[in-house]
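Each ligand, and each atom within it, is numbered from 1 in the order the structure gives.
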Amino acid sequence: MRALVVGGGIAGPATAMALQAIGMDAVILEARPAGGDGAGSWFTISPNGLAALDALGALGAVRELGVPSRHNVMAGATGRRLGVLPLGSPLADGTPALSFKRSELAAALRDEARDRGVEVRDDARVVAVHGTGEDASVTLADGRRLTGDLVIGADGIHSVVRAAIDPGTPRGRYVGLANFGGVTRGPATADSLPAESWYFVFGRRAFFGALPTPDGDVVWFVNVPRDAISQTERAATSDERWREILVDLAEADDGPFAGLIGDGRLELAADNTYDLPSVPVWHRGRVGLVGDAIHAPAPSSGQGASMALEDAVVMAASLAGSGDVEAGFVAFESARRARVEKIVALGARSSSAKTPTGLARMLNDAVMTLVFRYLVTERSQAWIFDHRVRLDPADRVRP
Ligand SMILES: Cc1cc2nc3c(=O)[nH]c(=O)nc-3n(C[C@H](O)[C@H](O)[C@H](O)COP(=O)(O)OP(=O)(O)OC[C@H]3O[C@@H](n4cnc5c(N)ncnc54)[C@H](O)[C@@H]3O)c2cc1C
């Protein structure tokens, strides 16, 4: 059987490798040209996502790119510590949660898939999808048509595959935060940050995060509560100007961020953040979906990429365990819907805690300390981090 996987981000390569493991041929169609400038944001893959990579035998190929991120350490605008949230128990081999530059992890996963014999086509934008008959096909922007036995959309929150399955499908919802990210080379404040941890500050005018890397640099991001940034505003604002605005926001608080941003380089500017709470139709005929294309949580959840990796494994196991493609998609949905929608809802609550009308901004530091001591705890989050997906070596799809 031949699967056409649309999207070569996180879910796409992982799904292609998982399908290959159950005996399918998989082709990845990625809209972007090969290469890229390596810019973009960082994210964390928690143990549940790392375990999914491990189930695909792909963790070893990417582990060295990751920066250990054992805890989220939360502080208020005065620098007062509000709480520490462990990011799950390490895997059995000791691997803790790892943070990656998103573009580097995606490229490494594509390389790994390619090394395993998966065909990866760059510069292959899918513009139309067909798949209710005996086979499934896609049309590329250059007019070529490719045919397979099934199509899986791993094409992110603005998925064309989702829209092809259901023209009335919901669109991404702006969560009220614009995102910026950057890196500062060898700052003096690196040593003052908690080691192998993200340091988060609920600032007076924005939410900040920083992660020290093993080579002495600091990766950081800023979530700015505001209206979505228009194309016009983006085009009219230089990186230098954004940095001045961010420094100004950070100067309202105590802590390292004004200095880090002032001395750093912006790698992600003016990115509006979206989520996708509940998608009514997950599949139609021989066309299905994985990753952000069906359940994008707000970035604040810290789970989008981990869920995308879990999806890849569960999709392959569901297809292998079912009599046909459609039954496989039904099994996948019933295995995944409740979990992913619960995580998306949690992400929406985390985002609203960062916006000016949000709960966190109205509460004082003392109450926030209680929240992190009693409500948002290692125990209360265990259902997220301790979840494990598996692919049985005997799982094979019927030819
Ligand atoms: C700022 C930010 C911070 C985040 N932090 C975290 C975090 O800490 N932890 C976490 O787990 N998640 C995090 N996430 C979420 C995470 O990035 C996503 O959940 C994850 O990337 C989803 O993977 P995906 O493969 O489904 O989608 P994507 O990564 O969006 O990949 C989709 C791919 O499809 C391609 N594509 C799109 N349309 C087409 C088309 N028509 N034809 C062909 N190809 C197409 C795109 O070019 C892209 O390569 C964050 C997201 C953002 C924006």
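Taking any N or O of G302, backbone or side chain, at least one lies under 3.5 Å from an N or O belonging to ligand 1.
Looking at S301 against ligand 1, nothing comes within 4.0 Å, counting heavy atoms. Using a 4.0 Å cut-off between heavy atoms, V160 contacts ligand 1 through its side chain alone, with no backbone atom that close. Residue L29 touches ligand 1 through its backbone alone, judged by heavy-atom distances below 4.0 Å. Residue V126 touches ligand 1 through backbone and side chain together, judged by heavy-atom distances below 4.0 Å.
For the atom pair I22 CD1 and M17 CE, the distance stands at 14.0 Å (nearest 0.5 Å). Distance check: I28 CD1 to T15 OG1 gives 8.5 Å after rounding to the nearest 0.5 Å. To the nearest 0.5 Å, atoms CD (E333) and CD1 (I294) are separated by 8.0 Å.
With respect to atom 31 (O) of ligand 1, the closest heavy atom belonging to the protein is G9 CA, 3.5 Å. Given atom 49 (O) of ligand 1, the protein heavy atom at minimum distance is E30 OE1, 2.7 Å. The shortest contact between atom 32 (C) of ligand 1 and any protein heavy atom is with A154 O, 3.5 Å. Atom 12 (N) of ligand 1 has A305 N, 3.0 Å as its closest protein atom, hydrogens excluded (heavy atom only). In terms of protein heavy-atom proximity, atom 24 (P) of ligand 1 is closest to A11 N, 3.8 Å. Atom 14 (N) of ligand 1 has F43 CD2, 4.0 Å as its closest protein atom, hydrogens excluded (heavy atom only). At the shortest separation from atom 44 (N) of ligand 1 among protein heavy atoms lies A31 N, 3.1 Å. Scanning all protein heavy atoms for the shortest distance to atom 36 (N) of ligand 1 gives D155 CB, 3.9 Å.
For A106, the closest heavy-atom approach to ligand 1 does not fall below 4.0 Å. In this structure, A296 falls outside the shell of residues with a heavy atom less than 4.0 angstrom from ligand 1.
Short contacts between ligand 1 and V6, defined as distances under 4.0 Å to a heavy atom of the residue, involve ligand atoms 42 (N), 43 (C). Near G156, meaning under 4.0 Å from any of its heavy atoms, are these atoms of ligand 1: 27 (O), 30 (O), 32 (C). In summary, the atoms of ligand 1 found under 4.0 Å from a heavy atom of S306, numbered by their order in the structure, are 11 (O). Those atoms of ligand 1 that come under 4.0 Å of a heavy atom in N179, given as number and element, are 1 (C). The G291 neighbourhood of ligand 1 comprises atoms 26 (O), with distances under 4.0 Å to a heavy atom of that residue.
For the pair L140 and V126, the minimum side-chain heavy-atom distance is below 4.5 Å. Residues V224 and W242 are not in side-chain contact: their nearest non-hydrogen atoms beyond the backbone lie 4.5 Å or more apart.
H158 has its ring centre less than 6.0 Å from the ring centre of Y274. For W198 and F221, the gap between ring centers is short of 6.0 Å.
Considering only non-hydrogen atoms, atom 52 (C) of ligand 1 lies nearest to P299 out of P299, A293, G8. Considering R102, H158, R32 only, the shortest heavy-atom separation from atom 30 (O) of ligand 1 involves R102.
The residues R226 and E233 are annotated as salt-bridged, a charged nitrogen and a carboxylate oxygen being separated by less than 4.0 angstrom.
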Item to check | Step-by-step ring-ring contact (aromatic ring centres under 6.0 Å, His included) determination, F207 to F200 | outcome: CA-CA 7 Å; F207 181 85; F200 291 148; 5.4 Å; yes
Next on the checklist: Set out, in order, the CA-CA distance, both residues' side-chain angles and the distance that settles side chain to side chain donor-acceptor pair (under 3.5 Å) for S69 and T44, then state yes or no.
Outcome noted: CA-CA 8 Å; S69 315; T44 301; 4.6 Å; no
Next on the checklist: Go through it in stages, so that I can follow the logic: the residues are I152 and L289, the test is side chain to side chain contact (heavy atoms under 4.5 Å, CB included), and I'd like the CA-CA distance, side-chain angles, deciding distance and then a yes or no.
Outcome noted: CA-CA 5 Å; I152 297 201; L289 296 163; over 6 Å; no
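Counted by atom type alone, N48 and Q303 present one or more donor-acceptor pairs between their side chains at under 3.5 Å.
Taking the six-membered ring where the residue is Trp, W282 and F332 present tilted rings, their angle falling between 30° and 60°.
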